[in-house]
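Below is one structure; the comments refer to it alone.
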Amino acid sequence: MYRAPRGTADVLPEEQPYWRYVEGIARDVARRFGYGRLDTPVFESSGLFVRGVGQVTDIVEKEMYTFEDRGGDHVALRPEGTAPVCRAYLEHGMRNLPQPVRLFYFCPIFRYDRPQAGRYRQHHQFGVEAIGDADPSVDAEIIELAWRLMSDLGLKDLSLLVNSIGDANCRPAYLEQLRAHYAARIEYLCNDCKLRLERNPLRLLDCKQPACIEMAHEAPRTEEHLCPDCRNHWERLLGYLRGLDIPYRVEPRLVRGLDYYSRTVFEIQPPEEGGQTNICGGGRYDGLMEQLEGPPTPGIGFGAGMERIILNLKRQGVPPVEEAPLRAVVIHLGEAATERAVALASDLRSAGLGAVLAPAGRSLRAQLRYANSMNVPYALILGDDELSRGVVVFRDMSRAEQREVPLENAPTALTDACE
RNA sequence: GUGGGCGUGGCCAAGCUAGGUUUAAGGCGCCAGGUUGUGGCCCUGGAGAUCGAGGGUUCAAAUCCCUCCGCUCACCCCA
């Protein structure tokens, strides 16, 4: 028998309220901040991600779903959300729009990884990007948006971690210091970190090995090696966050796994529980547009994992919104009544009422049991007797009371009853 | 890529240590009946499993051995 591929999941009807809930609130928050929705293709040229995300990142090196299509083009299932948005910004000449351009998206993300709690090969992100303005007030706006999303969702006890990793001016010198610090202690490094020392020294800082954590503690801090412009940007951002009463924590060892980040990086973490630590991550990417062969254009944004948000909503007991509920089951006895019941159910739907037909050919008792299991407030019962008199039995399921109403008045009666 | 745990009807699961008494318990759910037209509780009945797959040991394997597959948790990485 076929199963859903490893690391993917069906979202069953009973799960949908959570998805609707998160989408609804995310959409509303995005709207209140003036963000417009952008949908991009589920696959892109592989090169977009190799150039944008970075050749030596795990995402590109070992997690991308890439393939050659029948025409010989090299494409990849989208492994992250920002590069496609930037591609679309460039492709559609959005620099001619008022800056910054504010965009949001919901999309599936694909990474070939060993699945575990809160981690999938196909997951979904809500993301926002503000492109075309380098001012730290935009950083604050993005972080505020993320923070407001979480609080509007009803999630509690979250932590906001922020850091600045500098820019092209100050990072090279910082990385040299970092390398020197670790090179002097190379014999104590874990094997992964020995590789990082050469290839991606920034990542030395967030190694989880105990010995490496210790070294990271004494390592030079990004925050203390910023050039004047980055320092000014950083301090203004923190000032704005304080003004917004957003409780941040500066985390000197916070770096991000994608190459394109510069200056501001941040994450939002749920309270400690087993499983994945961050439900939202983002930062500034002022160099990305140039990597994609566009004009220098600053940008900042974040991605938030839908599955992880929903996982935490469940852990915290936040109830999702009710969907438009079913109002009635239409019960019918006999061929003639069935024919009329089909029309009656249709009339109810035309009146905006959720209604389903009880399974045909079953006893009244069985159909009522069905109505009971559907958890509807009313059952409309139509048999030969009612049909001949032009009425329908209108039964209140919770009170176990019923009365007759003229067939043609059924939609109105049900509407009134549901108010 | 590395390591731990687990695989018995749609779901939860007993049985496996000491192989035969299992035609593989029980519960939920599903269908029917108990009321020839009245649900929820209760009662009765029914459908539904080649015990993850393949091989081996044995007179006999869900139970023991081997191989493979899958799920899951953690590392790594990230949302």
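What you are looking at is a predicted structure, and each value in this text was computed from that prediction instead of being measured. Letters go in sequence order (proteins before strands), and every chain restarts at 1.
- The P atoms of B/G56 and B/C75 are separated by 41 Å, rounded to the nearest whole Å.
- OP1 or OP2 of B/C78 sits under 4.0 Å from a side-chain N or O of A/R203.
- Residue contacts for A/Q402: at a heavy-atom cut-off of 4.0 Å it reaches a base atom on one of the strands shown.
- Under a cutoff of 6.0 Å and an axis angle of 45°, A/R284 and A/Y261 do not form a cation-pi pair.
- Within the 4.0 Å cut-off from OP1 or OP2 of B/G37, not a single side-chain nitrogen or oxygen of A/R365 is found.
- Side-chain contact between A/I131 and A/M289 is present, with at least one heavy-atom pair separated by less than 4.5 Å.
- Contact check, A/R395 against B/U38: no side-chain N or O comes under 4.0 Å of OP1 or OP2.
- A sub-4.0 Å separation between OP1 or OP2 of B/G33 and a side-chain N or O of A/S363 is present.
- Whole-Å rounding puts the A/R3 CZ to B/A53 C1' distance at 13 Å.
- Toward the 5' end of RNA chain B, the nearer of the two residues A/H123 and A/P5, judged by each one's closest nucleotide, is A/P5.
- Straight-line distance between the C1' atoms of B/G3 and B/U50: roughly 34 Å, to the nearest whole Å.
- A close approach under 4.0 Å does not occur between any side-chain nitrogen or oxygen of A/R114 and OP1 or OP2 of B/G1.
- Dashed line: the shortest gap from a side-chain N or O of A/Q116 to OP1 or OP2 of B/A74 is under 4.0 Å.
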